[in-house]
Amino acid sequence: KTGAERIHMFLSRLSSVPKVTVSRFHRFSGVLSSTGRVGLEAQASRLISTFNNQSRTKDCKNPIVVLPWIQSRFSSDNTINTANNDPLTPDLVIQSQNRKISLWLFFCAGLVFCMVVLGGVTRLTESGLSITEWKPLVGAIPPLSQEDWEVEFEKYKQFPEFKKLNSQMTLNEFKRIFFFEWAHRFLGRSIGIAFGLPLGYYMYRGWITKKLRTRLFALFGMGGLQGAIGWWMVKSGLKEDLDHPRVSAYRLATHLGSAFVIYLGILWSALSLTVPPASVPSAVPVPRGLKMGVHSVAGLAFLTVMSGAFVAGLDAGLLYPEIPYMGEGLVPVEYWEMEPKYKNLFENGAAVQFNHRLLATSTLTSTLLLWGCSRRYALAPPIRTAFSHVAAMVCIQASLGIATLLYYVPTPVAATHQAGSLVLMSLYMRLMYLIKYVK
């Protein structure tokens, strides 16, 4: 066989090669066959040998990667070019693998994003205590008959939330709050499958590096633990001695904080596998002080999110629906009323709301100052744009927070405010990625 035919056969043996790709290469190989050049077979053998030595066949099943690599070895006069034997694996195959893994991770991050928002809606609609048992496997199946619904409703009636707050609730009303909690738990189970199965597949294919494997296994373990933390949180609201049945603010903050860490960990892993956008020759490196500022303000934003969890856990957003004052002054008069004093920071609703306002204002001001400082330097265009995105989002988030407060915590606005915190942290993660990798 001619050299071109041998290369064509080699390409055809790779699995998952679409017919259009084989046909396209067949036309290309036909041109080579018609040249009748002496030594084409020997050069083809050398090319295929180089291909085999530089890559593993199981990593080269993507014809979009393989075909250009082989074609790039031919010069314009249809002779095989063996002068440029750059490795296939680092430049093309690994990029293709990383792209697939990053798309999967972005998808998982999107699921976690939805999970956090749905959890916020569950809290806002006071649906979190509607399911009084934790059944990791059989709990995935909702009640399917009228009898099943009656059984679940009777279980709910045995706990304080029904006795003290919802004693007039009907079965149809119970179905509504049950749905939110069930959907939240079901989505959590789905995320476990969507993350775990592809992780095992990519591990089997050998596409995941040791460093990334360690991180992804840690995130997978945190995801499993998150279900246990969620039930630990729900149990705190089922106690009989509660004057106002609701989950512990401490446990709610733990649950939300863990969800944010998982989300940001997956997002960073996905970003780290993407190819950074190109810079421009005239761009200057990001100054060290500006880098430190970005990381510091991102930490401040995360702290603000955590303080918001205590606001939600204590229903503190309902106390002072006014801006900028809280009662007769900027600081509520009951800020230090609890003993010991440190409890006011976590259990005093008025103090918790003030702390959240203070942290949010600090995040807003610091972010805008960072944006202003970034305009002083001729930074790479992607980095300048990322600074602008963060600055715009922090203004939107502050507006949503004010609206949530003034309108007495309406569910759509409050849920959007929580989603906004995820978007803001996502934009900060992208900014940190860009200042690290864009050269």
Are there more than 12 heavy atoms of other residues, nucleotides or ligands under 6.0 Å from atom CG of L358? yes
N/O donor-acceptor pair under 3.5 Å between Q418 side chain and A415 backbone: no
In the structure I gave you, are the side-chain heavy atoms of L405 and Q353 within less than 4.5 Å of one another anywhere? yes
For residues V116 and Y263, determine if any side-chain heavy atom of one lies less than 4.5 Å from a side-chain heavy atom of the other. no
Should R185 and E181 count as an ion pair when the cut-off is N to O under 4.0 Å? yes
Inspect the surroundings of CZ in R176 and state if more than 12 heavy atoms from other residues, nucleotides or ligands are less than 6.0 Å away. no
Looking only at heavy atoms, the pair that brings S307 and T304 closest together is OG-O, 2.7 Å
Keeping the roles fixed (side chain from R251, backbone from I229), state whether a donor-acceptor pair exists under 3.5 Å. no
L273 vs L212, side-chain contact (heavy atoms from CB on, under 4.5 Å): CA-CA, chis, key distance, verdict: CA-CA 10 Å; L273 294 173; L212 181 60; 3.9 Å; yes
Compute the centroid of each ring, for F302 and then for Y428, and state whether the two points are separated by less than 6.0 Å. no
For the pair R357 (side chain) and P324 (backbone), establish whether a donor and an acceptor sit closer than 3.5 Å, ignoring hydrogens and angles. yes
Check E154 with K157, please: is the shortest side-chain N to carboxylate O separation under 4.0 Å? yes
Greater than 12 external heavy atoms within 6.0 Å of W371's CH2: no
What I'd like to find out is whether the side chain of I177 reaches to under 4.5 Å of the side chain of T125, using heavy atoms alone. no
Rounded to the nearest 0.5 Å, how far apart are OG1 of T365 and CG of L370? 11.0 Å
Under 6.0 Å from the CD atom of E328, do we count more than 12 heavy atoms belonging to anything else shown? no
Does V117 reach the side chain of T416, with side-chain heavy atoms less than 4.5 Å apart? no
Has E133 got more than 12 heavy atoms of other residues, nucleotides or ligands less than 6.0 Å from its CD? yes
On a heavy-atom basis, which atom in L406 and which in I323 lie closest, and how many Å separate them? CD2-N, 4.0 Å
So, for P332 and M326, which heavy atoms are closest and what is the spacing to 0.1 Å? CD-SD, 3.7 Å
Just do the side-chain contact (heavy atoms from CB on, under 4.5 Å) check on L345 and V352 with the steps written out, would you? CA-CA 6 Å; L345 301 177; V352 165; over 6 Å; no
Shortest non-hydrogen contact from H255 to Q226? O-NE2, 2.8 Å
Donor-acceptor contact below 3.5 Å, side chain D148 vs main chain P142: no
To the nearest 0.5 Å, how far apart are OG in S102 and CD1 in I266? 13.5 Å
What do the steps show when you test E173 against N166 for side-chain contact (heavy atoms from CB on, under 4.5 Å), and what is the final call? CA-CA 10 Å; E173 292 171 334; N166 298 328; over 6 Å; no
Approximate separation, where rounding is to 0.5 Å, of S421 OG and L256 CG: 7.0 Å
Exercise: identify the closest heavy-atom pair between P285 and L379: O-CD2, 4.1 Å
Please work out whether the ring planes of F195 and W104 are parallel, tilted or perpendicular, with thresholds of 30° and 60°. tilted
R384 side-chain N/O to Y377 backbone N/O, donor-acceptor pair under 3.5 Å: yes
Could you tell me whether the side chain of L434 reaches within less than 4.5 Å of the side chain of R430, counting heavy atoms only? yes
Side-chain contact, heavy-atom cut-off 4.5 Å: R375 with S388? yes
Should S248 and V234 count as side-chain neighbours, where that means a heavy-atom distance under 4.5 Å? no
Could you check whether the rings of Y156 and F153 sit parallel, tilted or perpendicular, using 30° and 60° as the cut-offs? parallel
L171 vs E150, test: side-chain contact (heavy atoms from CB on, under 4.5 Å). Steps then yes/no. CA-CA 8 Å; L171 178 59; E150 293 287 351; 3.6 Å; yes
I'd like to know if the side chain of S130 reaches the main chain of S127, judged simply by a donor and an acceptor atom lying under 3.5 Å from each other, with no hydrogens or angles considered. yes
What is the distance from atom CD1 of I402 to atom NE2 of H417, rounded to the nearest 0.5 Å? 9.5 Å
Whether the side chain of S167 engages the backbone of K163 through a donor-acceptor N/O pair (distance < 3.5 Å, no angle test) should be reported. no
Flag the pair L330 / Y325 as yes when at least one side-chain heavy-atom distance between them is below 4.5 Å, and no otherwise. yes
So SG of C114 and CG of L422: to nearest 0.5 Å the spacing works out to 10.0 Å
I'd like to know whether the aromatic ring centres of Y202 and W207 sit less than 6.0 Å apart in this structure. yes
Check: T367 side chain, L364 main-chain N or O, donor-acceptor pair, under 3.5 Å: no
Short question: side chain of K155, backbone of I131 - any donor-acceptor pair under 3.5 Å? no
Expected output: side-chain N344 to main-chain A351 donor-acceptor under 3.5 Å: no
Quick check: F186 with W182 (ring centres under 6.0 Å apart)? yes
How close do Y433 and L271 get, heavy atom to heavy atom, and via which atoms? CE1-O, 3.1 Å
Under the ring pair (Phe, Tyr, Trp, His ring centres under 6.0 Å) criterion, do Y250 and F310 qualify, and how do the steps go? CA-CA 7 Å; Y250 293 100; F310 282 93; 5.6 Å; yes
Could you state the interatomic distance from OG (S236) to CG (L242), rounded to the nearest 0.5 Å? 7.5 Å
Around E339, counting heavy atoms of other residues, nucleotides and ligands shown, do more than 12 lie under 6.0 Å from its CD? yes
